[in-house]
Amino acid sequence: RSLRLWPARPEQSKALSWIALDGGEEVSVRTVRCADLLRVYGEAVYMKVDVEFNTIDCLASLAAEAEAQAGQQEETGGGGEFEGKTSRTWRPPKYLSLEVEAVHLAGLFYKHLVALGYTSYKVCRQFLYSPGPCEQRAYDTELLGCGSGPFGEAAVDYKAGPHWRSIDEMPADAGYLHEYETGLDWFDLHAKLPD
């Protein structure tokens, strides 16, 4: 797979052709599916996915793996463990954080999160944790505080604060999408499996 690298910043993307216009270069890289990381390294409590227009690919790989595991469990009548390098049982991370990269992806995010068994969500503002200078110029040692903010239980929903909301509310939650579309803020979507 090819990615475009922006020399002054850590962004790498398969989709952002503007990076090439700003001095970025295209390189070939080896890729690994997100689901395979969990299969090889075992269960994760938290997974942060911010892969510049590839977040949906990661989430889709997790959903496809969960579906394959369910099918395997039905066929064998049991545990759904992988044979081969590892015999760990595969399951999605308890907490998942996804960068909202485009409004049209919200429905796909919802579909995959429900299929994976996530029951709660938070939509978290990003400008507070990654202000303009982080997003608009080269990083340097004088610029501290570029990041994504708290995660898991500590993540702060733009409506409910530290409280989780039912995933069933997500399709009707358009406020953050409007803010994203109009450039007021950008967001991470956090999801949680039931306890």
Side-chain angles (χ1 to χ4, degrees), residues 4 6 9-19 33-35 38 44-66 92-137 139 143-195:
R4 291 179 182 91
W6 194 4
R9 297 179 42 155
E11 273 77 11
Q12 302 172 16
S13 176
K14 72 175 184 184
L16 299 177
S17 58
W18 63 264
I19 292 176
R33 292 179 340 127
C34 290
L38 297 176
V45 173
Y46 173 73
M47 180 183 274
K48 166 66 175 151
V49 184
D50 184 348
V51 284
E52 302 306 321
F53 292 95
N54 293 282
T55 297
I56 192 65
D57 298 331
C58 177
L59 187 56
S61 82
L62 296 175
E65 189 65 37
K94 178 177 179 75
Y95 298 100
L96 188 60
S97 173
L98 310 167
E99 179 182 25
V100 178
E101 299 154 337
V103 170
H104 74 275
L105 294 175
L108 290 172
F109 283 4
Y110 173 75
K111 175 185 153 201
H112 290 314
L113 291 171
V114 168
L116 285 162
Y118 289 94
T119 57
S120 304
Y121 83 108
K122 296 179 184 182
V123 177
C124 303
R125 296 186 181 283
Q126 293 303 287
F127 183 79
L128 296 167
Y129 306 105
S130 191
C134 298
E135 299 297 320
Q136 298 167 359
R137 67 173 203 200
Y139 294 4
L143 185 61
L144 301 176
C146 298
S148 291
F151 61 88
E153 298 300 328
V156 179
D157 182 77
Y158 83 110
K159 281 185 171 178
H163 305 289
W164 292 96
R165 294 189 283 155
S166 169
I167 198 89
D168 297 332
E169 297 174 32
M170 195 174 147
D173 187 4
Y176 76 99
L177 297 174
H178 175 72
E179 286 190 39
Y180 179 88
E181 260 186 331
T182 56
L184 294 174
D185 209 336
W186 65 100
F187 298 86
D188 277 357
L189 173 64
H190 294 246
K192 178 183 167 187
L193 291 172
D195 291 326

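- What you find for Pro92 and Leu38 is that their closest heavy atoms are CA-CD1, 4.3 Å.
- In this structure the side chain of His190 reaches within 4.5 angstrom of the side chain of Trp164, judged on heavy atoms.
- Proximity of a side-chain donor or acceptor of Asp157 to a complementary backbone N or O of Val123 within less than 3.5 Å is detected.
- Residue Lys111 places its NZ atom among 12 or fewer non-hydrogen atoms of other residues, nucleotides or ligands, all under 6.0 Å distant.
- In this structure, Leu177 CG and Leu105 CG are separated by 10.0 Å, a value rounded to the nearest 0.5 Å.
- Using a 4.5 Å heavy-atom threshold, the side chains of Ile56 and Glu101 count as separate.
- Across Pro194 and Lys94, no two heavy atoms sit closer than the pair O-NZ, 4.3 Å.
- Taking the six-membered ring for Trp and thresholds of 30 and 60 degrees, Phe187 and Tyr176 have ring planes more than 60 degrees apart, a perpendicular arrangement.
- Interatomic distance, Leu98 CG to Leu113 CG, rounded to the nearest 0.5 Å: 6.0 Å.
- Across all their heavy atoms, Glu179 and Arg125 have their closest contact at OE1-NH1, 2.5 Å.
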### Task
Go through the steps for Leu108 and Leu59 under the test side-chain contact (heavy atoms from CB on, under 4.5 Å), then give the verdict.
CA-CA 9 Å; Leu108 290 172; Leu59 187 56; over 6 Å; no
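- In summary, the side chains of Tyr158 and Asp185 do not present any donor paired with an acceptor at a separation below 3.5 Å, with no hydrogens or angles considered.
- In this structure, Val100 and Gln126 have side chains that are not in contact, with every pair of non-hydrogen atoms separated by 4.5 Å or more.
- Contacts of Cys34 classified as disulfide bond (SG atoms under 2.5 Å apart), with partners at least two apart in sequence or in another chain: Cys58.
- Atom OG of residue Ser120 and atom NE2 of residue His163 lie 13.0 Å apart, to the nearest 0.5 angstrom.
- When all heavy atoms of Pro93 and Met47 are compared, the closest pair comes out as CG-CB, 3.6 Å.
- Relative ring orientation between Tyr46 and Phe151 is described as parallel, the plane-to-plane angle staying below 30° on a 0-90° scale split at 30° and 60°.
- No donor-acceptor distance shorter than 3.5 angstrom exists from the side chain of Tyr110 to the backbone of Met170, with no hydrogens or angles considered.
- Between Lys122 and Gly152, the shortest heavy-atom contact is NZ-O, 3.4 Å.
- Residues Glu153 and Tyr95 have side chains that bring a donor and an acceptor to within less than 3.5 angstrom of each other.
- Annotation: the span from Asp173 atom CG to Asp168 atom CG amounts to 12.5 Å, rounded to 0.5 Å.
- Expressed to the nearest 0.5 Å, how far CG of Leu116 lies from CG of Leu62 amounts to 6.0 Å.
- Put simply, OH on Tyr180 and OG1 on Thr182 are 11.5 Å apart, with the number rounded to the nearest 0.5 Å.
- Of all the heavy atoms in Tyr121 and Ser166, the pair that sits closest is CE2-O, 3.2 Å.
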